[in-house]
Amino acid sequence: MTKRKRRSSAPAEGWTGAALTDLGLDDRQQRVFVWSVVGAGVLAIALVLTLTVNAIGGAPPQPAQAAGGVVGEGLPASFQSWPSLKELAPVQDRKADAAPLTAQEVFGARTLTAGKVTLRRLASRLDQACAGAVWGADLADALAEAGCTQAVRGLYATADGTYVAQYTLFNLADVAAADSLAKSLASLYRGAWVQPLESPRAKFGAYSEANAYVLGHYLGVAWVGRTDGAEPGERDDFIMLGLAVREAEKAVFRRVVKIAGVPSDPAQPPGPADTTQPSEAPPTDPGATPAVSTPAATVIPSAGGAQPSR
């Protein structure tokens with residue numbers, strides 16, 4: 001039987017013998033040169049195959065990003081949460097407060113005021129799917145675990161366009177779920193957050209602050225900042241800015257009154273005493289029948305993370 005001679009590779013056939021000898025290469029140098037050529041060919045083939053597979057399968061998924069398309073943009077620089085008040089016990093479970101929220105109920109007022117700060121409504125939105133109101137898979141999962149059925153958002157700004165504020169109210173299963181979500185946000189806010197509503201008149205910049213408030217089976221998130229993204233200075237009163245946007249919480253207090261009547265004792269705010277907001281009549285929804293007034297003794301809990309007042 002005649003044995004076939006093993007064929008050498010094409011690069012070896014073209015680059016052995018007299019051609020390499022004429023270049024001044026000895027036998028060892030010729031072998032190194034040939035194997036280098038073969039290795040380069042293999043790498044080129046592997047590169048082509050990789051590009052082909054990527055073209056067929058599509059680009060790999062990109063991580064979720066904050067508003068603005070840059071990771072970290074639109075995230076608050078600080079976050080605090082506050083527990084529910086005992087006066088909100090009548091709405092600590094959704095079974096006792098089954099009526100769904102409406103955007104008109106929470107953000108019907110065109111202006112919200114606290115002290116010298118007046119905010120004007122720019123946009124509002126109600127999402128039945130809570131995941132659509134946030135970005136970040138971990139936060140979406142946390143909302144699902146909390147039994148979230150609604151997320152209603154309202155975007156406000158001052159008349160001069162210096163400040164922007166957004167309030168988000170999540171409708172959750174019960175006060176335990178709301179409290180758990182508030183605690184989870186203490187770490188989740190670094191990589192997932194509420195989607196800001198869009199408006200050509202105002203948007204959040206590089207720096208902002210946020211606080212979450214457990215309100216029975218609801219969780220309210222107040223988010224404030226300067227529209228230029230700058231950190232607050234001595235003339236920036238973020239306390240009153242937060243209190244102004246929290247006027248939206250009166251929708252929850254009206255529900256308490258509707259279910260349980262007027263409370264016998266005034267609610268005590270969980271935050272610093274010097275940031276308590278004076279009581280005001282609840283905002284009237286345009287075109288709606290007058291709502292039951294919040295009792296004068298009821299005080300909305302104050303925002304945390306105080307900044308120097310004007």
Side-chain angles (χ1 to χ4, degrees), residues 76 78-101 105-107 114 130 133-134 139 142-154 166-189 194 209-224 239 242-273 275-277 279-280 282 292 294-306:
S78 65
F79 173 84
Q80 286 183 286
S81 64
W82 304 91
S84 187
L85 299 171
K86 64 179 182 179
E87 287 77 12
L88 293 172
V91 293
Q92 68 177 357
D93 193 296
R94 193 160 52 204
K95 295 178 181 178
D97 178 37
L101 294 168
E105 174 188 6
V106 183
F107 301 115
C130 297
V134 301
L139 181 51
L143 285 167
E145 291 177 3
C148 188
T149 58
Q150 292 180 296
V152 58
R153 290 171 287 167
Q166 179 170 295
Y167 193 88
T168 304
L169 192 62
F170 294 106
N171 189 343
L172 309 175
D174 52 37
V175 66
D179 187 65
S180 178
L181 180 60
K183 293 177 179 177
S184 296
L185 274 174
S187 59
L188 290 177
Y189 85 94
V194 179
E209 298 178 3
N211 291 279
Y213 303 90
V214 180
L215 307 166
H217 71 93
Y218 301 100
L219 182 67
V221 178
W223 184 18
V224 301
I239 293 176
L243 288 173
V245 77
R246 289 186 60 204
E247 286 286 290
E249 292 174 4
K250 288 184 176 179
V252 177
F253 282 85
R254 289 196 293 268
R255 288 190 169 220
V256 171
V257 172
K258 184 177 180 180
I259 295 172
V262 178
S264 58
D265 298 320
Q268 297 299 320
T275 62
T276 302
Q277 180 184 9
S279 301
E280 297 180 7
V292 179
T294 304
T298 301
V299 179
I300 297 176
S302 62

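Because only heavy atoms are used, hydrogens play no part in the values below, and waters and symmetry mates are left out as well, while side chains stay in. For clarity, every value in this text was computed on a predicted model and none was experimentally measured.
Residues satisfying the side chain to side chain donor-acceptor pair (under 3.5 Å) criterion with Q92, sequence neighbours excluded, are absent altogether. With sequence neighbours excluded, the residues satisfying side chain to side chain contact (heavy atoms under 4.5 Å, CB included) with A133 are D127, A151, R153. The side chain to side chain donor-acceptor pair (under 3.5 Å) test applied to Y218 returns D97, R255, not counting sequence neighbours. Not a single salt bridge (Lys or Arg N to Asp or Glu O under 4.0 Å) links R94 to another residue, sequence neighbours left out.
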- prompt: Which is it for V214 and V175 under the side chain to side chain contact (heavy atoms under 4.5 Å, CB included) test, yes or no, and what are the steps along the way?
  reply: CA-CA 7 Å; V214 180; V175 66; 3.9 Å; yes

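For the pair H217 (side chain) and L172 (backbone), a donor-acceptor distance under 3.5 Å is present. Distance alone, capped at 3.5 Å, places no donor-acceptor pair between the S180 side chain and the A176 backbone.
Between F107 and Y167, the angle of the ring planes goes over 60°, which puts this pair in the perpendicular group of the 30/60° scheme.
Of the options V152, L101, V134, a side chain to side chain contact (heavy atoms under 4.5 Å, CB included) to F170 is made by V134 and by none of the others.
Applying the salt bridge (Lys or Arg N to Asp or Glu O under 4.0 Å) test to every pair with at least one member in residues 168-181, sequence neighbours left out, gives these pairs: D179-K183. The list of salt bridge (Lys or Arg N to Asp or Glu O under 4.0 Å) pairs with a residue in residues 213-224, not counting sequence neighbours, is empty.
To the nearest 0.5 Å, atoms CZ (F79) and CG (L185) are separated by 4.5 Å. Taken to the nearest 0.5 Å, the CG atom of N211 stands 8.5 Å off from the OG atom of S81. Once rounded to the nearest 0.5 Å, the distance linking CG of N171 with OG1 of T149 reads 3.5 Å. Y189 OH to L139 CG: the interatomic distance, rounded to the nearest 0.5 Å, is 14.0 Å. The CG atom of L219 sits 9.5 Å away from the OG1 atom of T168 when rounded to the nearest 0.5 Å.
The two atoms that bring I259 and A96 nearest to each other are CD1-O, 3.4 Å, heavy atoms only. Considering every non-hydrogen atom in both S84 and G216, the closest pair reads OG-N, 3.0 Å.
Within the 4.5 Å cutoff, side-chain heavy atoms of L181 are placed close to those of L143.
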